[in-house]
Novice: 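Starting off with a structure, shown below.
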Amino acid sequence: MTLDEILGLSPVIPVLIIDDIEDAVPLGRALVAGGLPVLEITLRTPVALDCIERMAGEIEGAVVGAGTVISPAMRKAVAAVGAKFCVSPGLIDGETAGGPAPLLPGVATATELIAGIAAGFTCFKLFPANIAGGVDALKAFASPFQQARFCPTGGVSARNAADYLALPNVVCVGGSWVAPAEAVKAGDWGRITALAREARALAPV
Ligand code: 3PG
């Protein structure tokens, strides 16, 4: 699938930090059951690559990608275990959009957008969205960067996600709020499915 196709599947991409491999599949199933099939597993724990592999293989209907990809080596590693896309908090020198796991790079400024567009990217993660100017920044980027589409992430929650999703240059948002750490720790999959359902209802897809 192309990045555009993947980002078009869901208004919200859960950003997941998974500490215990045993949580990976039930957590992913809970989110998919609530209507959020696109899952970003961040490379922030020792089990992250194993989680990606297991979730990609075992969760029907999920499109599993990797987050916090900050080097070409990490991009190769996640593609090798079955990641369908990569998300980075910034631009990665020399990396382009395509490949087996297409890349959604992060930007926070106009200069970074210009560099990303020159490298062939059209979709960007605005990161950290709330600090980088939020809705106002995206409105300001719309006219000079007409080809750019965004997935704002960082400080997005049930409180402000609809404001972002209402913008024509926003394709989806990312956030961790749909999988609170305490709910994951408690194995409260019902709560996570309920949060996913609410998130899914934020915008028609
Ligand atoms: C990310 O990891 O991309 C963001 O830090 C997620 O931000 P959030 O925890 O504020 O949703």
Side-chain angles (χ1 to χ4, degrees), residues 3 6-7 9-19 23-24 27-28 30-31 34-49 51-52 55 63-71 74-75 77-78 83-92 95 101-109 112-113 116 121 123-138 148-165 167 170-185 188 191-192 194-203:
L3 190 61
I6 292 169
L7 299 183
L9 288 173
S10 171
V12 176
I13 299 180
V15 176
L16 305 174
I17 300 171
I18 307 176
D19 290 306
D23 290 334
L27 170 60
L31 290 162
L36 301 182
V38 184
L39 308 175
E40 176 188 331
I41 319 307
T42 58
L43 299 185
R44 298 181 201 172
T45 67
V47 294
L49 281 179
C51 290
I52 292 169
M55 294 166 89
V63 178
V64 178
T68 324
V69 174
I70 58 171
S71 70
M74 286 165 112
R75 194 173 178 196
V78 300
K84 293 284 184 291
F85 65 96
C86 295
V87 184
S88 179
L91 296 167
I92 307 173
E95 289 294 300
L103 176 63
L104 177 69
V107 293
T109 66
E112 291 163 6
L113 262 171
F121 293 98
C123 280
F124 300 91
K125 160 172 163 156
L126 179 72
F127 180 78
N130 281 12
I131 294 165
V135 164
D136 288 341
L138 291 164
R149 294 289 172 273
F150 296 91
C151 171
T153 305
V156 181
S157 69
R159 213 169 13 86
N160 60 8
D163 298 337
Y164 283 109
L165 290 165
L167 301 175
V170 167
V171 284
C172 60
V173 301
S176 61
W177 87 91
V178 287
E182 72 277 6
V184 175
K185 200 154 181 239
D188 191 350
R191 180 172 167 217
I192 288 172
L195 287 167
R197 227 174 247 132
E198 282 170 26
R200 177 71 191 209
L202 285 168

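Every value quoted in this text rests on a predicted model; they were computed, and no experiment measured them. Remember, it's 1-based here, ligands and their atoms both numbered in the order they're listed.
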Novice: Can you list the residues that meet the side chain to side chain contact (heavy atoms under 4.5 Å, CB included) rule with L167, with sequence neighbours excluded?
Specialist: V135, L138, K139, N169, V170
Novice: State the SG-CG distance between C86 and L103, to the nearest 0.5 angstrom.
Specialist: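 C86 SG to L103 CG: 6.0 Å, rounded to 0.5 Å.
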Novice: Is a side-chain donor or acceptor of S71 paired with a backbone partner of M74 at a separation under 3.5 angstrom?
Specialist: yes
Novice: Would you indicate whether the side-chain heavy atoms of D19 and V47 approach each other to under 4.5 Å?
Specialist: no
Novice: When you look for protein heavy atoms under 4.0 Å from ligand 1, which residues do they belong to?
Specialist: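 Residues near ligand 1: V15, R44, K125, F127, T153, G154, G155, G175, S176.
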Novice: Determine yes or no for a side-chain-to-main-chain donor-acceptor pair under 3.5 angstrom, with S88 supplying the side chain and V69 the backbone.
Specialist: yes
Novice: Checking the side chain of T45 only, and the main-chain atoms of I18 only, is there a donor and an acceptor separated by less than 3.5 Å?
Specialist: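 Here the side-chain-to-backbone pair exists.
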